[in-house]
Amino acid sequence: MKGIYLLGIDIGTSACKVAVFDRKGQVKAAATGDYPVYYPREGWVEQNPEEWWEAVCQAIREVLEKGQIAPEEIAGIGIDGQSWSAIAIDKEGKVLTNTPIWMDTRAQEICDRLNREMGENEIFAVAGNSLQPSYTTTKILWYKENLPEIYKKIYKILQSNSYIVYKLTGAITQDVSQGYGLHCFDMHTGTWDLQMCEKLEIPAEFLPEICSCDTIVGTVTEKAAQQCGLTAGIPVAAGGLDAACGTLGAGVIHPGETQEQGGQAGGMSICTDSYQADPRLILGFHVVPGQWLLQGGTTGGGGVMRWFEREFADYERMMKEETGKSSLDQLNEIGEKIAPGCDGVIFLPYMAGERSPIWNPHAKGVFYGLDFSKTKGHMLRACMEGVAFSLRHNLEIAEEAGAHAEVLRAMGGSANSLLWTQIKSDVTGKPVEVPASDTATTLGAAILAGVGVGFYKDYEEAVALTVKETRKHMPDPDKKAVYDRAYANYLELYRSLEHMMK
């Protein structure tokens, strides 16, 4: 039978994820493909898009073999990707240089200059976002000032998902949800502002035509089919931002519904049907037409736990075979033994600078409150609580901007931790629902393709069929009271140290 599955591809920070879904959102098979992150200098964080493509090809072949899926059974392909890439390609489609990714802050001086010369308010009025070095805008200008020979060869600037779309189909695209990375993108209308392009000195010809995220922009070429094991002719949707696709995959499609992100990065996305911008937050278009997402994006998400496990869990990794429990499961058990508030230990989760709401690329991670009585468990739980505090900080700023979240719908690897999810509920004072799929982001990408090819009649049907709740965490008022005091100390700790984080 032909066309009974959808293929979702997620270009994450540490790996790509590929999954095949049936009509009800059940995972037929899934695979990952790893690739490195490069840190050539302080503040520089790069990846090679060609390594993304190699990993995607390997993962697609693996998923087809693992699920015993014939390529012709794939009805459509959707792709999501990390934000704020600046993939420079020439007319032949060759990648000219590694792309700085969302954690890269090398263009801070360019941001400072533009904000001073053009005025922060003028830029914000068009883009709905403050000008920060992590966005795509100043990365393009950094190429111009620091890599002039490469800059002269640029034909187009692509985003992470649009690069994989290009490799699959040959189509050069820009979806509307990734437009927010460029400050010549009019957040009111979802179009390029040519006057702002001129003011920012970003050539309009670098920018692909904007399309809806569920638009079928092409089909798999013969060359791509040979490389990744698919068959030529499969429709491919434009796709979108990973956080937005994850929001869709978590079932957030109506105003007021909110996704809590627990991938490498942390944060939240509140769905709204009106323009609600705040310079302390991030505003972008949802992958669902007619909706925006008011987002809080932090560097300290699941990546904090990956770091902690890598650096401090040698014993748990050694005991994995004896206990039958993963190192992360063992760490969760250690963290559960520590009381809420960690006996005064506080962690600032600014492990790669920080994005919203403080926007400080020089911010650093900090443990405060250590003494000889403190244990690894205190530090572990403090990491979880610190990430939860950063989530609360963003939610509070969003409320000041007029966007209120009633219930959080959790996604990403962190949602697998019952302890961490409960901590987030207790810290924020909000119920947290966890959808069934552990692959919300790839599911969201697949749904885009499904709507695009008519696999689903609309997003209401797609979400009703595919998104199911597995558990719900309710906030504990007593623990919330403890966390209120700890949260006040968290905010004061950063205010006290901010002058040192320059």
Side-chain angles (χ1 to χ4, degrees), residues 10-18 30-39 44-47 51-52 55 59 80-83 101-104 134 160 242-243 246 260-268 297-320 323 325-336 338 342 345 347-355 363-367 376-391 410-424 434 438-442:
D10 168 37
I11 306 301
T13 305
S14 56
C16 72
K17 298 175 184 176
V18 175
T32 61
D34 296 334
Y35 35 72
V37 180
Y38 301 104
Y39 303 88
W44 293 31
V45 191
E46 302 178 346
Q47 288 187 310
E51 292 175 342
W52 296 344
D80 73 82
Q82 56 182 276
S83 59
I101 65 171
W102 58 274
M103 292 186 286
D104 192 283
S134 44
S160 55
D242 54 2
E260 183 271 313
Q261 184 169 326
Q264 170 75 18
M268 55 79 194
T298 70
T299 63
V304 168
M305 197 51 57
R306 291 189 184 95
W307 165 78
F308 191 94
E309 191 277 339
R310 185 183 71 235
E311 299 299 333
F312 303 109
D314 288 348
Y315 175 77
E316 286 75 19
R317 285 193 294 272
M318 183 180 68
M319 293 297 291
K320 178 180 177 181
T323 63
K325 299 175 182 177
S326 71
S327 56
L328 288 174
D329 285 341
Q330 294 176 67
L331 290 176
N332 271 280
E333 292 178 354
I334 294 171
E336 286 176 341
I338 305 300
C342 294
V345 178
F347 176 65
L348 299 184
Y350 310 145
M351 301 297 283
E354 183 55 307
R355 297 190 288 172
K364 299 295 183 183
V366 174
F367 282 104
K376 181 165 76 173
H378 285 89
M379 297 178 71
L380 169 70
R381 187 173 181 120
C383 284
M384 292 182 170
E385 292 181 357
V387 171
F389 291 148
S390 70
L391 170 64
M411 54 155 282
S414 300
N416 293 321
S417 168
L418 273 66
L419 171 62
W420 206 350
T421 308
Q422 186 60 49
I423 288 172
K424 290 174 180 176
V434 182
D438 190 31
T439 51
T441 307
T442 42

Report the C-alpha distance between T299 and W102 in whole Å, list the side-chain angles of each, state the deciding distance to 0.1 Å, and finish with yes or no for side-chain contact (heavy atoms from CB on, under 4.5 Å).
CA-CA 9 Å; T299 63; W102 58 274; 4.1 Å; yes
Under the salt bridge (Lys or Arg N to Asp or Glu O under 4.0 Å) rule, collect the residues that match up with D329, sequence neighbours excluded.
none
V45 side chain reached by V37 side chain, heavy atoms, under 4.5 Å:
yes
Quick one: does any side-chain atom of Y35 pair with a main-chain N or O of A15 as donor and acceptor, under 3.5 Å?
yes
Excluding sequence neighbours, so at least two apart, what forms side-chain contact (heavy atoms from CB on, under 4.5 Å) with S414?
W420, K424
Looking at R355 and S83, what are the two nearest heavy atoms and their distance?
NH1-OG, 4.1 Å
Please step through side-chain contact (heavy atoms from CB on, under 4.5 Å) for the pair F308 and M384, ending with a clear verdict.
CA-CA 10 Å; F308 191 94; M384 292 182 170; over 6 Å; no
Could you check whether any side-chain heavy atom of T441 comes within less than 4.5 Å of a side-chain heavy atom of K17, counting everything from C-beta outward?
no
salt_bridge(R317, E309) N-O dist < 4.0 Å
yes
Between A243 and Q261, what is the shortest heavy-atom contact and its length?
CB-OE1, 3.3 Å
side-chain contact (heavy atoms from CB on, under 4.5 Å) between D242 and D10, worked out
CA-CA 7 Å; D242 54 2; D10 168 37; 4.0 Å; yes
Check the surroundings of atom NZ in K376: do more than 12 heavy atoms from other residues, nucleotides or ligands lie under 6.0 Å from it?
yes
Verdict with supporting geometry, S417 and N332, side-chain hydrogen bond (donor to acceptor under 3.5 Å, both in side chains)
CA-CA 7 Å; S417 168; N332 271 280; 2.5 Å; yes
With sequence neighbours left out, the residues meeting side-chain contact (heavy atoms from CB on, under 4.5 Å) with R306 are Q264
Heavy-atom closest pair (A382 atom, C342 atom, distance to 0.1 Å) is N-SG, 3.3 Å
